[in-house]
**Student:** 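Before anything else, here's the structure in question.
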Amino acid sequence: MAEPFVEIRKTHKPGNPEKICYEVYDGDTGGSLGHFTDASEAQKRADSMNRMTSRETGKRLDHPTDDADVE
């Protein structure tokens, strides 16, 4: 079974499909943790969530992608 992970996905902004944003996606629950216009802000959120999960589980998480695209 894969470890839980939080990743960044480049996608279209909800409600405004002509704009691009970065979604912080929780691979464990399959849910979004927020949309950000700035990739660095999204990365900070994802890193924070991954560090928290690593501390709670005592495991280092493997990240399946650095920047997954969503169509």
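Counting begins at 1 with the first residue of the sequence.
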**Student:** In this structure, would Met52 and Leu33 fall into the same cluster of hydrophobic residues linked by side-chain contacts under 4.5 Å?
**Tutor:** yes
**Student:** Counting N and O atoms only, with roles assigned by atom type, does the side chain of Asn50 sit under 3.5 Å from a partner on the main chain of Val6, one being a donor and the other an acceptor?
**Tutor:** yes
**Student:** Can you tell me how far the CE atom of Met49 sits from the CG atom of Asp28, to the nearest 0.5 Å?
**Tutor:** 10.5 Å
**Student:** Quick one: which residue pairs count as a salt bridge (Lys or Arg N to Asp or Glu O under 4.0 Å) with a foot in residues 32-42, not counting sequence neighbours?
**Tutor:** Glu41-Lys44
**Student:** For residues Tyr22 and Ala42, report the shortest heavy-atom separation together with the two atoms involved.
**Tutor:** CB-CB, 3.8 Å
**Student:** Please find the pair of heavy atoms, one from Gln43 and one from Ile8, that lie closest to each other, and give the distance.
**Tutor:** OE1-CG1, 3.5 Å
**Student:** Nearest 0.5 Å please: distance from the NE2 atom of His12 over to the CD atom of Glu23.
**Tutor:** 12.0 Å
**Student:** Just to verify, what does Lys13 make a salt bridge (charged side-chain N to carboxylate O under 4.0 Å, His left out) with, not counting sequence neighbours?
**Tutor:** none
**Student:** What pairs with Thr37 under side-chain hydrogen bond (donor to acceptor under 3.5 Å, both in side chains), at least two apart in sequence or on another chain?
**Tutor:** none
